[in-house]
Amino acid sequence: MPPAQSPSQSPAPPPVELFTPAFHQDPHGALAALRQTAPAVPVVTPNGLRTWLITGYEDARELLADPRLSKDMRVGRDLIPRNFADPEKQRAFLAESGDDSQFPQVLSMHMLDSDPPDHTRLRRLVGRAFTARRVESLRPRIIELTDELLDGIAGSERVDLMEELAFPVPFTVICWLLGVPPDDRSEFRRWSNLLVSGAGTPEVRDASVSMISYLRALIDSKRTEPADDILSDLVQVSDEGDQLSDDELISMAFLLLVAGHETTVNLIGNGTLALLQHPAVREQLATDPALWPAAVEEFLRYDGPVTNATWRFTTEPVEVGSVLIPEGEFVTISLGAAGRDPARYTDPDRLDITRSHSASVAFGHGIHHCLGAPLARLEGQIVISRLFARVPALRLAVDSTELRWRSSLMMRGLEELPVFTGRSAV
């Protein structure tokens with residue numbers, strides 16, 4: 001009997017140039033094809049960085065909790081230069097890397113970019129403030145805000161739901177949590193939009209500096225005059241004498257801003273689009289509203305708001321099926337591909353709000369499972385259910401092939417969602 005084969009240690013195949021505009025428009029077919037190729041496939045990002053893409057559900061779940069995959073970007077940043085697939089882009093990166101002011105490190109001193117024991121400490125402190133009770137306490141205010149926005153939508157013939165509903169609800173909720181006064185929200189929104197754009201421009205650098213300065217002043221005000229918001233709680237929270245530093249508070253506030261509203265914006269947009277494209281499922285929900293929590297879980301699986309988990313890198317060689325990923329290489333875990341793995345989900349390309357969603361990875365898994373997932377689910381369920389209840393004649397204003405998806409490595413979201421409300425022009 002021949003000996004068992006060990007994972008391949010031959011040179012990795014050339015990386016696939018995956019993240020093209022065509023891919024972002026319809027990623028699921030390409031991801032399914034890659035899943036058939038190998039459990040881990042080297043791909044290249046638009047800026048030339050090489051990473052290993054994981055597409056299977058079981059592999060994704062295991063690697064999300066694997067301590068051999070680090071998220072400590074203080075170390076990971078040093079690995080970037082050696083992991084470029086394109087020498088020209090590598091040289092360009094090295095030439096520009098002397099100026100790191102585009103995204104100051106203070107904005108990444110949060111638990112999502114750290115490993116234990118730092119992560120354990122930060123998560124414990126933040127968890128004391130970001131409680132299930134606080135999330136649930138927001139329900140009446142979210143309902144009231146949603147209904148106010150729906151009053152305007154129901155009175156219009158055509159609207160962009162991303163601009164008029166999907167964005168303002170999560171953004172306003174995050175402003176409540178951080179205690180950002182209404183008069184400051186317009187400028188706060190401008191900075192946040194620039195910072196999540198991913199563009200390396202002077203405007204982004206200026207926005208990061210302005211955001212840090214604003215958050216530092218806001219934290220100072222919460223320290224002297226605490227209010228009923230999570231930022232005040234984070235300033236005050238302690239564990240056996242341990243507290244978050246000012247830089248850690250700034251970074252955590254920024255994480256709440258980006259993860260807290262970006263994810264929910266796309267959950268609302270993607271879930272609404274799924275129902276617009278599946279009238280039979282809309283009818284199911286109209287007949288049995290008790291299915292709404294399961295529907296939100298299915299939206300997260302079918303076309304979730306986070307297409308890829310945030311960066312990880314190997315601290316030692318890691319076997320993924322028949323593939324051996326060397327030490328010191330980046331790994332990208334495709335949550336979108338995991339959600340459509342036929343080995344896990346029967347008929348995965350079908351929207352089925354009655355399927356089981358135990359052990360979903362839509363919000364990650366392991367120690368980095370999204371702390372704000374309950375809030376995102378709550379907002380998604382309230383907004384989408386009330387939208388279709390208030391505007392039952394809602395329909396797309398363009399053919400679905402005309403919809404444009406954002407070019408993002410991490411987020412899966414629409415640029416616009418134009419709809420007709422069913423109200424005739426006067």
Side-chain angles (χ1 to χ4, degrees), residues 15-46 51-61 63-64 162 262-263 265-281 295-310 320-321 331-357 359-365 380 384 396 398-417:
V16 178
E17 293 189 12
L18 185 66
F19 302 108
T20 63
F23 171 82
H24 291 300
Q25 285 300 112
D26 184 17
H28 299 296
L31 291 171
L34 284 179
R35 193 188 300 111
Q36 295 298 316
T37 302
V41 179
V43 299
V44 63
T45 66
T51 180
W52 292 82
L53 189 74
I54 310 299
T55 53
Y57 169 86
E58 290 296 341
D59 291 330
R61 186 171 167 81
L63 292 174
L64 285 167
M162 300 305 294
E262 272 287 296
T263 300
V265 167
N266 295 331
L267 168 57
I268 293 169
N270 298 2
T272 299
L273 175 61
L275 289 183
L276 289 171
Q277 295 176 320
H278 295 84
V281 178
V296 170
E297 296 304 315
E298 179 67 348
F299 301 152
L300 290 165
R301 180 204 69 83
Y302 181 77
D303 215 358
V306 183
T307 188
N308 293 316
T310 49
V320 184
V331 176
T332 299
I333 300 171
S334 176
L335 305 181
R340 295 214 186 187
D341 185 351
R344 167 63 178 167
Y345 298 102
T346 302
D347 196 5
D349 294 328
R350 180 168 64 92
L351 186 71
D352 179 4
I353 61 174
T354 65
R355 72 169 82 236
S356 170
H357 291 92
S360 167
V361 296
F363 284 112
H365 174 62
I384 304 174
L396 278 172
V398 298
D399 188 87
S400 59
T401 59
E402 297 179 44
L403 296 172
R404 308 264 50 95
W405 294 85
R406 294 167 54 191
S407 294
S408 171
L409 291 177
M410 300 300 171
M411 297 294 176
R412 169 78 173 157
L414 292 159
E415 293 181 358
E416 296 180 335
L417 183 53

Under the 3.5 angstrom rule, does the side chain of Arg301 hit a backbone N or O of Gly339 as a donor-acceptor pair? yes
Can you tell me if Gln25 uses its side chain to pair, donor with acceptor, with the backbone of Leu403 under 3.5 Å? yes
CD of Glu17: more than 12 outside heavy atoms within 6.0 angstrom?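 It does not: Glu17 CD has 12 such atoms or fewer within range.
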Are the side chains of [X] and [Y] in touch, meaning some heavy atoms are under 4.5 Å apart?
X      : Y      : value
Thr307 : Leu335 : no
Val265 : Met162 : yes
Arg406 : Asn266 : yes
Leu53  : Asn308 : yes
Asn270 : Arg412 : yes

Let me confirm one number: the [atom1]-[atom2] distance from [X] to [Y], rounded to the nearest 0.5 Å.
X      : Y      : atom1 : atom2 : value
Ser407 : Phe23  : OG    : CZ    : 10.5 Å
Ser356 : Glu297 : OG    : CD    : 10.0 Å
Asp26  : Thr401 : CG    : OG1   : 11.5 Å
Glu262 : Ser408 : CD    : OG    : 7.5 Å
Asp341 : Asp59  : CG    : CG    : 8.5 Å

Indicate yes or no: does Arg350 engage Glu298 in a salt bridge with an N to O separation below 4.0 Å.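 Not counted as a salt bridge, because no side-chain N and carboxylate O are separated by less than 4.0 Å.
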Would you list the atom pairs, donor with acceptor, under 3.5 Å between side chains in residues 30-44 and any protein atom, with sequence neighbours excluded?
from	atom 1	to	atom 2	distance (Å)
Arg35	NE	Thr55	O	3.3
Arg35	NH2	Ala337	O	2.8
Thr37	OG1	Ala33	O	3.1

Using every non-hydrogen atom in the two residues, find where [X] and [Y] come nearest and quote the distance to one decimal.
X      : Y      : value
Val306 : Met411 : CG2-SD, 4.2 Å
Pro305 : Leu300 : CD-CD2, 3.6 Å
Phe19  : Thr45  : CD1-CA, 4.1 Å
Arg355 : Asp347 : NH2-O, 3.3 Å
Val361 : His365 : CG1-CB, 4.4 Å
Asp349 : Tyr302 : O-CE1, 3.4 Å

Test side chain to side chain contact (heavy atoms under 4.5 Å, CB included) applied to Phe299 and Leu267, step by step: CA-CA 7 Å; Phe299 301 152; Leu267 168 57; 4.3 Å; yes
Could you pull out all donor-acceptor pairs under 3.5 Å where a side-chain atom in residues 271-280 meets a protein atom, sequence neighbours excluded?
from	atom 1	to	atom 2	distance (Å)
Thr272	OG1	Ile268	O	2.7
His278	ND1	Ala274	O	2.7

Is there a side chain to side chain contact (heavy atoms under 4.5 Å, CB included) between Asp303 and Trp405 once you walk through the steps? CA-CA 12 Å; Asp303 215 358; Trp405 294 85; 3.7 Å; yes
On the ring face of Tyr345, is Arg340 found with NZ or CZ under 6.0 Å from the centre and within 45° of the axis? no
